[in-house]
> 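My questions will all concern the structure given below.
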There are 2 protein chains.
Amino acid sequence: MSDRRTQILDAAATLISERGFTSTSVDDVIKGAKLSGKSHFYHYFKSKEELGYEVLNRQFERFAERGLAILREPMIDPLERLNLFIDAVVALQSESGGRRGSPFGNLAAELADAHEGFRVRIEAVFERWASQIRSLLWEARPQLHDDVDAVRLSRFIIAALEGAVLMTRVKRDLSVLEGIAADLKRFIAMHVRDGAAMQLPRHFE
Amino acid sequence: MSDRRTQILDAAATLISERGFTSTSVDDVIKGAKLSGKSHFYHYFKSKEELGYEVLNRQFERFAERGLAILREPMIDPLERLNLFIDAVVALQSESGGRRGSPFGNLAAELADAHEGFRVRIEAVFERWASQIRSLLWEARPQLHDDVDAVRLSRFIIAALEGAVLMTRVKRDLSVLEGIAADLKRFIAMHVRDGAAMQLPRHFE
DNA sequence: GGATATTAGGACCGTACGGTCCAATATGCA
DNA sequence: TGCATATTGGACCGTACGGTCCTAATATCC
């Protein structure tokens with residue numbers, strides 16, 4: 001992949017996460033990526049829409065590397081991994097000073113009703129995210145109550161985090177996200193079998 | 001308030017909740033409200049921005065009447081009222097077939113970073129909403145654990161509901177919201193004192 | 001009746017948008 | 001060397017946008 005392409009994608013990602021897709025013009029992207037003109041841009045992307053799709057994919061890959069990867073760490077207890085993942089979401093948000101939200105939630109709210117192409121792709125992103133959590137919960141099932149519904153719980157976790165990020169942006173207060181993250185951990189802990197927490201550090205016995 | 005004005009506001013509310021504020025043009029609103037021309041519109045509103053503010057206010061008033069009012073019903077146990085309120089949010093969402101989201105969440109995601117005027121007004125909406133829940137929790141405090149943090153819990157409830165509405169729109173599946181609503185009730189029930197007067201149903205359907 | 005809103009309809013303006021086309025130069029690689 | 005790709009720079013197009021201005025026909029209310 002050429003340098004220029006990633007340069008354009010990076011600039012577009014920043015702009016889109018700041019102002020949304022609709023309010024980001026191709027000219028803005030050109031300026032952000034320091035291109036000479038429109039023909040230069042359209043040499044790499046056939047339309048603004050396609051640029052948007054690629055930006056979304058890259059955002060997810062970045063999130064998969066820096067966030068979701070934690071869910072798969074093999075040496076850590078699954079439920080602890082889930083807590084670490086929640087911490088990572090908080091950390092990612094605080095990197096932007098709590099201002100920029102989850103790129104998926106933003107695009108979802110902006111385009112889910114208006115643009116079917118984006119809606120489908122965002123749905124796929126959430127599904128991949130949810131499936132990571134589901135398999136973690138499956139791995140942790142010996143520690144969980146029998147009636148835990150992994151599909152529902154994974155959706156709840158994502159919804160709570162997305163809602164929290166949104167409220168954090170509106171209030172411009174990172175502590176909103178921190179509080180909700182802490183409560184979310186408690187909600188997850190609610191599903192843990194009594195005494196399972198004691199089982200955890202098996203290495204100590 | 002003149003008929004025309006409310007006619008315009010209603011048309012604008014529908015369009016904005018369907019396509020967002022930025023993607024709704026004044027011409028669209030004029031067409032939707034069956035006005036004769038732009039001068040007719042600008043006779044009632046000095047700008048599109050001001051129209052947006054008034055639409056937001058009306059959406060909140062509508063939500064206050066049809067949703068938040070439940071939180072203040074004097075004859076019902078406070079914690080049961082909270083459950084009924086959550087049911088009402090689900091019902092409001094299903095009215096639009098699960099497609100249109102919370103008007104506040106939509107505008108928040110679209111404009112929180114880009115438009116300070118809207119951000120402040122949306123923040124006020126969430127604050128009024130949160131304060132209603134806070135005073136309900138205060139009323140219910142004899143039934144709650146001593147360490148319940150009403151500020152945090154109220155934020156959690158709102159974030160979970162907003163996130164749930166967002167995911168429901170993306171997946172086009174109302175059962176997402178229903179599941180999260182049920183889980184949210186369980187989370188709230190977690191804060192209830194053992195043996196408190198009001199016993200909350202634990203749904204595990 | 002006369003003053004005041006309301007409705008109607010259209011011309012117009014400056015700006016921005018996504019996108020196309022073209023001509024010329026630079027660069028890298030076989 | 002030669003050919004393809006990358007880069008530059010700009011003109012251009014059709015459309016849409018928010019907003020202004022102007023005129024004139026109706027209602028409404030004192």
Side-chain angles (χ1 to χ4, degrees), chain A residues 1-58 106-107 110-111 113-119 121, chain B residues 1-58 106-107 110-111 113-119 121:
Chain A
M1 167 114 43
S2 91
D3 258 0
R4 282 287 187 193
R5 251 186 99 84
T6 62
Q7 199 178 339
I8 296 171
L9 286 166
D10 287 342
T14 302
L15 289 166
I16 290 172
S17 74
E18 278 173 6
R19 348 212 266 226
F21 178 75
T22 309
S23 298
T24 297
S25 73
V26 175
D27 286 322
D28 291 336
V29 175
I30 287 167
K31 211 171 292 174
K34 279 158 184 152
L35 301 183
S36 54
K38 278 199 179 161
S39 50
H40 199 180
F41 171 85
Y42 281 99
H43 177 68
Y44 288 101
F45 298 92
K46 63 180 257 253
S47 69
K48 186 194 175 189
E49 198 181 36
E50 210 204 39
L51 169 74
Y53 293 160
E54 287 202 38
V55 166
L56 177 60
N57 279 338
R58 275 172 56 91
N106 282 359
L107 286 179
E110 184 186 353
L111 301 169
D113 292 329
H115 196 300
E116 183 66 11
F118 272 104
R119 203 215 99 228
R121 284 165 175 82
Chain B
M1 169 110 47
S2 94
D3 259 0
R4 283 288 187 191
R5 250 186 100 84
T6 61
Q7 201 178 336
I8 296 172
L9 285 166
D10 287 342
T14 302
L15 289 166
I16 291 172
S17 74
E18 277 172 6
R19 345 213 267 228
F21 179 74
T22 309
S23 298
T24 298
S25 73
V26 175
D27 286 323
D28 291 336
V29 175
I30 287 167
K31 211 171 292 174
K34 278 157 185 155
L35 301 184
S36 55
K38 278 201 181 161
S39 50
H40 199 177
F41 171 86
Y42 282 100
H43 178 68
Y44 289 101
F45 299 91
K46 63 179 255 253
S47 69
K48 186 194 176 189
E49 199 180 36
E50 211 205 39
L51 169 74
Y53 293 160
E54 287 202 38
V55 167
L56 177 60
N57 278 338
R58 274 172 57 92
N106 282 359
L107 286 180
E110 185 186 351
L111 301 168
D113 292 329
H115 196 300
E116 183 67 8
F118 272 104
R119 204 215 99 226
R121 283 165 175 83

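Convention: sequence-line order gives letters A, B, ...; per-chain numbering from 1. As the structure is a computational prediction, the values presented were derived from the model and not from experiment.
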> To the nearest Å, how far apart are Y42(A) OH and dC22(C) P?
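Distance check: Y42(A) OH to dC22(C) P gives 17 Å.
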
> In terms of side-chain heavy atoms of D27(A), which of dT8(D), dC17(C), dA8(C) is nearest?
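The nucleotide sitting nearest to the side chain is dC17(C).
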
> For H43(B) and dT7(C), give me the distance from atom NE2 to atom C1', rounded to whole Å.
9 Å

> Answer yes or no: does a side-chain N or O of R4(A) lie under 4.0 Å from OP1 or OP2 of dT5(D)?
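False: R4(A) side-chain N/O out of range (4.0 Å or more) of dT5(D) OP1/OP2.
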
> Please state how far atom CD in E50(A) lies from atom P in dG18(C), giving the value in whole angstrom units.
15 Å

> E110(A) and H115(A): side-chain donor and acceptor closer than 3.5 Å?
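On atom types as modelled, these side chains do not qualify, holding no pair under 3.5 Å.
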
> How close or far is atom P of dA16(D) from atom NZ of K31(B), stated in whole angstroms?
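After rounding, the gap between these two atoms is 9 Å.
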
> Using only modelled atom types and a 3.5 angstrom limit, is any donor from either the side chain of K38(A) or the base of dG10(D) paired with an acceptor on the other?
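Check fails, no donor-acceptor contact within cut-off.
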
> If you take atom types as modelled and just measure distance, does the side chain of S39(A) reach the base of dG9(D) with a donor-acceptor pair under 3.5 Å?
yes

> Starting at atom CD of E49(A), determine the distance to atom C1' of dC17(C), rounded to an integer number of angstrom.
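So the two atoms are 15 Å apart, to the nearest Å.
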
> With a non-hydrogen cut-off below 4.0 angstrom, is S23(A) in contact with a base, only sugar-phosphate, or nothing?
nothing

> Whole-Å distance between dA26(C) P and H40(A) NE2?
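Computing the H40(A):NE2 to dA26(C):P distance gives 15 Å.
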
> Are R5(B) and F45(B) in a cation-pi setup, meaning NZ or CZ lies under 6.0 angstrom from the ring centre and within 45 degrees of the ring axis?
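Verdict for F45(B): a cation-pi partner in R5(B).
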
> Specify the residue among F41(A) and G37(B) whose closest nucleotide of DNA chain C lies further upstream toward the 5′ end.
G37(B)

> Could you tell me whether R58(B) and D10(B) make a salt bridge, using a distance below 4.0 angstrom between a side-chain N and a carboxylate O?
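Looking at D10(B) together with R58(B), the answer is yes, because their closest N to O distance falls below 4.0 Å.
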
> Give one of base, sugar-phosphate or nothing for T24(A), where a contact means two heavy atoms less than 4.0 Å apart.
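It contacts sugar-phosphate atoms only.
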
> Once you round it to whole Å, what is the distance between P of dC17(D) and CG of L51(B)?
15 Å

> Taking the six-membered ring of Y53(B) as reference, does the cationic atom of R121(B) (NZ for Lys, CZ for Arg) lie under 6.0 Å from its centre and within 45° of its axis?
yes

> Picking from dG18(D), dA8(C), dC17(D), which would you name as closest to the side chain of V26(B)?
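So the side chain of V26(B) is nearest to dG18(D).
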
> For dC17(C) and S25(A) - does any side-chain N or O of the residue sit under 4.0 Å from the phosphate oxygens OP1/OP2?
yes

> Roughly, in whole Å, what's the span from NZ in K48(B) to C1' in dT20(D)?
17 Å

> Could you tell me which non-hydrogen atom of A11(A) sits nearest to which non-hydrogen atom of A33(A), and how far apart they are?
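Nearest heavy atoms, A11(A) then A33(A): CB-N, 3.8 Å.
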
